[in-house]
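Naming convention: chains lettered A, B, ... in sequence-line order (proteins, then strands); numbering from 1 in each chain. Everything quoted here is computed from the prediction, not taken from an experiment.
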Amino acid sequence: QKEVEQDPGPLSVPEGAIVSLNCTYSNSAFQYFMWYRQYSRKGPELLMYTYSSGNKEDGRFTAQVDKSSKYISLFIRDSQPSDSATYLCAMSVGAGGTSYGKLTFGQGTILTVHP
Amino acid sequence: GAVVSQHPSRVICKSGTSVKIECRSLDFQATTMFWYRQFPKQSLMLMATSNEGSKATYEQGVEKDKFLINHASLTLSTLTVTSAHPEDSSFYICSAPPGRADTQYFGPGTRLTVL
């Protein structure tokens, strides 16, 4: 079983739709949660970062963490064609020790927003 | 956000040659940088942790004699793929934490093709 599970999709939605992306994890030591967006043949771009259960909002994006269920989500409101990309969830146990800075990624979900 | 650059963005080489990839943090210092590899339609896999002033630490299954890492300064890490073979063809991405180890900023990636 992978430490982080993410449905690879692909996911296709019409412009303006609300998109829900999800990851589950098995390692209870994960304390920090991130969402990255990756366009084709580019490096990942940090979208959201959070370390506590609950919601965090930034513009059209909302990150949700439920540590008790080991489940995180990213919601995209009013989706745009420019949101078409691969979305990767990532997690870490935090600073200190041999796990310093190491991220564990989900497989990534391919999203297409069509006009 | 913080900026991380990589050079070259793309390289094509013959089997048996060595290829050097540079990763630079442009607006912050990074005592630690990370190297990832990403195969088509797959997620990022951590290869090694680059430590300024000390030896790199490699993930299980990564050959340290094949993937040489040198963290020459607080803003530069290099990855050298020695005696490259076609199976080393991949997308190599570096990352660096801008202070907080639980977030990472990624470079744009280097696409290596070994003929």
Side-chain angles (χ1 to χ4, degrees), chain A residues 2-10 21 23 25 29-52 56 58-59 63 65 72 85-112, chain B residues 1-7 9-10 21 23-26 30-52 54 56-60 62 71 77 90-113:
Chain A
K2 295 180 181 178
E3 279 191 293
V4 180
E5 298 278 359
Q6 183 178 6
D7 186 344
L21 305 167
C23 288
Y25 62 97
F30 286 137
Q31 297 295 324
Y32 301 92
F33 307 91
M34 288 138 273
W35 285 96
Y36 287 87
R37 177 174 61 194
Q38 186 177 25
Y39 293 111
S40 180
R41 303 190 180 198
K42 301 291 184 182
E45 170 194 7
L46 180 65
L47 282 178
M48 299 287 285
Y49 156 76
T50 185
Y51 54 87
S52 58
K56 181 178 181 179
D58 184 1
V65 174
I72 69 170
T86 297
Y87 289 80
L88 297 150
C89 63
M91 308 178 188
S92 74
V93 298
T98 58
S99 297
Y100 178 85
K102 293 182 180 180
L103 298 183
T104 301
F105 283 88
Q107 188 176 352
T109 300
I110 300 171
L111 171 67
T112 301
Chain B
V3 179
V4 176
S5 71
Q6 275 184 249
H7 178 79
S9 59
R10 176 176 291 187
I21 303 170
C23 176
R24 293 181 185 273
S25 55
L26 298 185
T31 56
T32 304
M33 293 183 176
F34 300 88
W35 287 96
Y36 292 82
R37 181 166 51 184
Q38 186 177 34
F39 291 106
K41 297 187 178 181
Q42 293 187 23
S43 192
L44 284 77
M45 295 298 295
L46 179 65
M47 297 175 65
T49 303
S50 174
N51 304 298
E52 191 270 335
S54 64
T57 54
Y58 293 80
E59 296 302 301
Q60 190 174 7
V62 178
H71 201 129
S77 174
S90 187
F91 193 50
Y92 292 87
I93 312 174
C94 70
S95 73
R100 287 182 310 196
D102 43 353
T103 58
Q104 301 283 333
Y105 287 92
F106 286 82
T110 297
R111 185 160 302 280
L112 171 64
T113 302

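- Residue Lys102(A) holds its NZ atom at 12.0 Å from OG of Ser95(B), rounded to the nearest 0.5 Å.
- In this structure, the side-chain contact (heavy atoms from CB on, under 4.5 Å) partners of Gln38(A), at least two apart in sequence or on a different chain, are Pro44(A), Leu88(A), Gln38(B), Leu44(B), Phe91(B), Ile93(B).
- With a 4.5 angstrom heavy-atom cutoff, Glu59(B) touches chain A only via side-chain atoms.
- Residues satisfying the ring-ring contact (aromatic ring centres under 6.0 Å, His included) criterion with Phe106(B), sequence neighbours excluded, are Tyr36(A), Phe105(A), Tyr36(B).
- Judged by distance alone, the side chain of Ser43(B) and the main-chain N or O of Gly108(A) form no donor-acceptor pair under 3.5 Å.
- The most heavy-atom pairs under 4.5 Å with chain B, out of Gln31(A), Gln6(A), Met91(A), Gln107(A), come from Gln107(A).
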